[in-house]
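By convention here, the first residue in the shown sequence is residue 1.
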Amino acid sequence: MTDNDIRDTEGHTEATDPMLLPPATARELLAGTPWRRFAVIGDSTAAGTGDPWPGYDEVPWADRLAATMTATHPDFAYLNTGKIGATIGQVRAEQARSALDFEPDLVHISCGGNDLFLFDADPRSVERDLEELCTTIATSGAQLSMFTLADAFTGRLRALRPRFIAFAEVVRRVAARHDAILTDLWDHPARFRQNWLSQDHIHLTMAGHAVVASEVIRSLAQSHRGTANGAPLPSIDHAHQSRSSSAGEPIRRL
């Protein structure tokens with residue numbers, strides 16, 4: 001698929017976007033997963049900041065995932081403490097305790113980008129701080145989840161791209177050390193879409209959030225199947241069937 005092919009798909013809505021899992025497929029993928037208490041901690045990528053996009057529900061990726069989980073597990077509970085602008089240290093100081101008190105069995109950690117915007121940013125210190133945060137959360141026994149940011153650094157942010165290349169490697173290493181379920185978005189083809197980033201060229205649009213939700217669902221399902229029977233997942237390339245815009249029942253959010 002070329003860049004032009006990707007851009008040609010931008011006339012899609014949530015109902016026709018070939019990069020999204022149909023709600024029924026998403027529910028099927030998560031139906032057998034063991035998690036019932038999902039916590040999300042971090043910065044704006046966790047909180048779900050982003051511009052609306054025509055044809056897509058104004059629902060961030062984590063809320064989408066929680067809605068799908070709720071549709072398959074009525075006793076599912078969800079906590080999101082993500083805060084715009086939070087650094088790793090702030091997440092550990094201000095969010096980790098709330099997450100642990102929630103007694104989650106699945107925790108997504110998404111932070112570190114704001115640390116890289118600091119003048120004296122050092123990938124080594126970012127890795128140390130992220131490692132300490134993951135270690136703190138891992139004491140709960142919860143399964144950790146993480147994702148890398150997509151390589152969409154253009155314009156005025158292009159100068160920061162080397163830092164974020166290094167950060168992607170940091171996330172991969174930390175995730176590996178903690179057996180976290182990693183969704184690697186760095187090379188995802190959706191990053192070329194004009195509807196991937198908000199006007200600030202930092203945060204995702206709601207169209208971007210929809211793609212991320214599908215990818216995280218696939219990662220969670222693949223991880224679970226890998227520890228179960230290893231059954232292959234349906235290809236997302238075939239996810240062009242009719243979709244409902246609703247992912248499922250209302251979220252039980254704490």
*asked:* Working to the nearest 0.5 angstrom, can you tell me the gap between Leu130 CG and Thr135 OG1?
replied: 9.5 Å
*In Å, rounded to the nearest 0.5 Å, how long is the span from CZ of Phe153 to CZ of Phe164?*
4.5 Å
_Heavy-atom check, side chain of Val211 versus side chain of Tyr56, under 4.5 Å_ = no
_If we ignore hydrogens and angles and just use 3.5 Å, is the side chain of His201 paired with the main-chain N or O of Thr154 as donor and acceptor?_
no
*asked:* Centre-to-centre under 6.0 Å for His108 and Trp61, is that the case here?
replied: yes
*Heavy-atom pair of closest approach, residues Asp63 and Tyr78*: OD1-OH, 2.6 Å
*Say you draw a straight line from CD of Gln143 to CG of Leu106; how long is it, rounded to the nearest 0.5 Å?*
6.5 Å
*Grab the two heavy atoms, one from Val170 and one from Pro123, that are nearest each other, plus how far apart they are.*
CG2-O, 3.9 Å
*Output the distance between atom CG (Leu185) and atom OG1 (Thr148), rounded to the nearest 0.5 Å.*
5.0 Å
*Is a side-chain N or O of Thr13 found less than 3.5 angstrom from the main chain of Gly55, in a donor-acceptor match?*
no
*So how far is it from Trp35 CH2 to His73 NE2, rounded to the nearest 0.5 Å?*
9.0 Å
_Measuring only between side-chain heavy atoms, which start at C-beta, is Phe38 closer than 4.5 Å to Asn80?_
no
*For Glu14 and Asp57, indicate whether the former's side chain and the latter's backbone hold a donor-acceptor pair under 3.5 Å.*
yes
*Do Leu144 and Ile137 have side chains that get closer than 4.5 Å, going by heavy atoms?*
yes
_Under 3.5 Å donor-acceptor, Thr25 side chain and Leu21 backbone_ = no
*Ala152 versus Leu197, closest heavy-atom pair with distance*: O-CD1, 3.6 Å
*Could you pull out all residues at least two apart from Asp120 that satisfy side chain to side chain contact (heavy atoms under 4.5 Å, CB included)?*
Leu118
*Find out if a path of hydrophobic residues (ILVMFWY) with successive side-chain heavy-atom gaps under 4.5 Å connects Ile84 to Ile109.*
no
*By salt bridge (charged side-chain N to carboxylate O under 4.0 Å, His left out) - contacts of Arg156 (at least two apart)*: none
*asked:* Which heavy atom of Ala99 sits nearest to which heavy atom of Pro104, and what is that distance?
replied: O-CD, 3.0 Å
*asked:* Between Asp129 and Ile88 (side chain of the first, backbone of the second, donor and acceptor by atom type, cut-off under 3.5 Å), is there such a pair?
replied: no
*Return the minimal non-hydrogen interatomic distance between Gly85 and Asn114, and the atom names on each side.*
C-ND2, 3.2 Å
*Take Arg172 and Asp184, measure what salt bridge (charged side-chain N to carboxylate O under 4.0 Å, His left out) needs, and give me the verdict at the end.*
CA-CA 8 Å; Arg172 293 180 188 118; Asp184 201 327; 2.6 Å; yes
*Is Leu133 close to Ile41 at the side-chain level, that is, under 4.5 Å between some pair of heavy atoms?*
yes
_Under 3.5 Å: donor-acceptor pair, side chain of Ser125, backbone of Ala121_ = no
*Going by the salt bridge (Lys or Arg N to Asp or Glu O under 4.0 Å) test, which pairs reach into residues 130-144, not counting sequence neighbours?*
Arg92-Glu132, Glu131-Arg177
_Let's go through His188 and Met19 carefully: what are the C-alpha distance in whole Å and the side-chain angles of both, what is the deciding distance for side-chain contact (heavy atoms from CB on, under 4.5 Å) to 0.1 Å, and is it a yes or a no?_
CA-CA 10 Å; His188 198 286; Met19 291 191 183; 3.8 Å; yes
*Under 3.5 Å, is there a donor-acceptor pair linking the side chains of Ser44 and Thr49?*
no
*Of the non-hydrogen atoms in Pro18 and Arg193, which two are nearest, and what is the gap between them?*
CD-NH2, 4.2 Å
*asked:* Assess whether a salt bridge exists between Asp105 and Arg36, defined as any Lys/Arg side-chain N lying under 4.0 Å from an Asp/Glu carboxylate O.
replied: no
*Examine distances only and state if a side-chain atom of Thr205 and a backbone atom of Gly208 form a donor-acceptor pair shorter than 3.5 Å.*
yes
*asked:* Keeping Asp43 on the side-chain end and Gly82 on the backbone end, is there a donor-acceptor pair under 3.5 Å?
replied: no
_Could you walk me through whether Leu220 and Val216 satisfy the side-chain contact (heavy atoms from CB on, under 4.5 Å) test, starting with their C-alpha distance in whole Å, then the side-chain angles of each, then the deciding distance to 0.1 Å, before giving a yes or no?_
CA-CA 6 Å; Leu220 294 176; Val216 175; 4.2 Å; yes
_For a side-chain contact (heavy atoms from CB on, under 4.5 Å) check, start with the C-alpha distance between Leu79 and Arg37, then their side-chain angles and the critical distance, and finish with the verdict._
CA-CA 8 Å; Leu79 172 73; Arg37 298 185 68 80; over 6 Å; no
*What pairs with Asp101 under salt bridge (charged side-chain N to carboxylate O under 4.0 Å, His left out), at least two apart in sequence or on another chain?*
Arg97
_Charged N-O contact under 4.0 Å between Asp122 and Arg128_ = no
*Just grab all the salt bridge (Lys or Arg N to Asp or Glu O under 4.0 Å) pairs involving residues 157-168, residues at least two apart or on different chains.*
Asp151-Arg161
_Assess the residue pair Met146 and Ile181 against the criterion (side-chain contact (heavy atoms from CB on, under 4.5 Å)); give the C-alpha distance rounded to whole Å, side-chain angles, the decisive distance to 0.1 Å, and a yes or no._
CA-CA 6 Å; Met146 304 175 76; Ile181 298 171; over 6 Å; no
*For side chain to side chain donor-acceptor pair (under 3.5 Å), just list the numbers for Ser110 and Thr45, CA-CA rounded to whole Å, side-chain angles, deciding distance to a tenth of an Å, and then say yes or no.*
CA-CA 6 Å; Ser110 187; Thr45 60; 2.5 Å; yes
*Should we count CD of Glu94 as having more than 12 external heavy atoms under 6.0 Å?*
yes
*Glu169 side-chain N/O to Ala166 backbone N/O, donor-acceptor pair under 3.5 Å*: no
*Apply salt bridge (charged side-chain N to carboxylate O under 4.0 Å, His left out) to Glu58 and list each qualifying residue two or more places apart in sequence or on a separate chain.*
none
_Using 0.5 Å steps for rounding, measure from the CZ atom of Arg64 to the CE atom of Met69._
16.0 Å
*Lys83 versus Gln90: any side-chain heavy-atom pair under 4.5 Å?*
no
_Would the distance check show the side chain of Gln95 and the main-chain N or O of Ala86 forming a donor-acceptor pair, the cut-off being under 3.5 Å?_
no
